[in-house]
Amino acid sequence: MKITRLTTFIVPPRWCFLKIETDEGIVGWGEPILEGRAQTVAAAVEELGDYLIGKDPRHIEDHWTVLYRGGFYRGGGVHMSALAGIDQALWDIKGKALGVPVSELLGGNVRDRIRVYSWIGGDRPSETAQQARDAVARGFTAVKMNGTEEMQFVDTFDKVERCLQNVAAVREAVGPNVGIGVDFHGRVHRPMAKVLIKELEPYKLMFIEEPVLSEHEEALKEIARISSTPIALGERLYSRWDFKRVLQEGYADIIQPDPSHSGGITETRKIATMAEAYDVALALHCPLGPIALAANLQLDAVCYNAFIQEQSLGIHYNQDNDLMDYVSNPEVFKYEDGMVAIPSGPGLGIEVNEEYVRERAQQGHRWRNPVWRHRDGSFAEW
């Protein structure tokens, strides 16, 4: 079997899909995307694809190694996201060629379903209590919300109070046994993160996500010591080498690599196994499309330390298209009792509606995250 063509599709709301074709008629799909940099990642896929044309798609480990190490400069969001989508598509091809799901090729399932959480609210966390009630009414047992809006290095306590009021309203709405994740989104700096983490303790959160940006290792080390709430991070880390220090130093209780950013199925499986050795939980990051979710679920099936899965159904970013729009068999994502089933069909287990993908790719997108500023005019982390 030989690879004959790689084709990318920029599709709404903010995604990039990849189709890899072979001379035997078997095709694989991946989702190489870095939100806000879709066209750049698509260009990187094209560059990496030069090496793959004419190669046997089943030699996944060797292809991953060459595409990572062979360019001299390596790592980072664009490179690893392009490599991630290629890797997903290669696993899809191999599973289809053998007539088994990817999880079977990775050693077989340790679970057949996994708990999921629903996003509530938008970029600015207000009026989330009713959305939380609605999510629980739909069967979800966990929700995630943004914690703060703009926050200066040292800010006024009314910003803290606003965060506490929003979280308190959600906790009151859902009761004591529904998990609540609060995402600081890297918007908070070390001085205020220490204040917020202490003040949020009474609400018994499932986790606090990205309390500070992951490059602030010294702050993460201090936060890990003072927080009784599990600390989650990792969506902006892209390889096992990025995660190595985080795990060695005990900065996180939950890691959140994104298999559309962190080198695909091949690399994310290795990151997850590293985390398991440190008794750290896995909650894969996935505010993305159906191909990414299918890849995530194949990993959840085989990673013992996976405990919950992010998914984008109804997320505030999905304004033009939603999660199920691009697949012909949406029933494979069976949501029930706050969990979603692991797709059991060949490859990633989904059937991409290529006709609709091509139709929507004619519109495409140029999604960019907003640029925020503080009252004094200086840049604010979004």
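Worth saying up front: this structure is predicted, and the values here are computed from it rather than measured.
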*Parallel, tilted or perpendicular: which fits the ring planes of His59 and His63, with parallel below 30° and perpendicular above 60°?*
tilted
*Mind listing the closest non-hydrogen atom pair of Pro290 and Phe17 along with its distance?*
CD-CZ, 4.0 Å
_Identified side chain to side chain contact (heavy atoms under 4.5 Å, CB included) partner of Ile114 from the options Asn296, Leu299, Val340_ = Val340
*Relative to each other, are the rings of Tyr356 and Tyr326 parallel, tilted or perpendicular (30° and 60° limits)?*
tilted
_If you count every heavy atom of other residues, nucleotides or ligands that lies below 6.0 Å from Arg5 atom CZ, does the total exceed 12?_
no
*Do side-chain atoms of Arg14 reach the backbone of His365 as a donor and acceptor pair under 3.5 angstrom?*
no
*Any side-chain heavy-atom pair from His261 and Glu35 closer than 4.5 angstrom?*
yes
*Any donor and acceptor pair, going by atom type alone, linking the side chain of Gln131 with main-chain N or O of Ile120 inside 3.5 Å?*
no
*Does a sphere of radius 6.0 Å around CD in Gln248 hold more than 12 heavy atoms from other residues, nucleotides or ligands, not counting ones at 6.0 Å or beyond?*
yes
*Using modelled atom types only, decide if a donor and an acceptor are shared between the side chain of Asp56 and the backbone of Arg58 within a distance under 3.5 Å.*
yes
*Going by atom types only, do Gln88 and Asp92 share a side-chain donor-acceptor pair under 3.5 Å?*
no
*So is Lys159 actually on top of Phe157's ring, under 6.0 Å and inside 45° of the axis?*
no
*asked:* According to side chain to side chain donor-acceptor pair (under 3.5 Å), who are the partners of Asp242, at least two apart in sequence or on a separate chain?
replied: none
_Can you list everything that forms a side chain to side chain donor-acceptor pair (under 3.5 Å) with Arg368? Sequence neighbours excluded, please._
none
*When you check the gap from the basic side-chain N to the acidic O, do Arg358 and Glu354 get nearer than 4.0 Å?*
yes
*Aromatic rings Trp241 and Tyr68: how do their planes relate, parallel, tilted or perpendicular, breaks at 30° and 60°?*
parallel
_Count I, L, V, M, F, W, Y as connected when their side-chain heavy atoms are under 4.5 Å apart, and connections chain through other members. Are Leu213 and Val246 then in the same cluster?_
no
*Charged N to carboxylate O under 4.0 angstrom, Glu210 versus Lys144?*
no
*Is there a donor-acceptor pair under 3.5 Å between the side chain of Gln309 and the backbone N or O of Leu284?*
yes
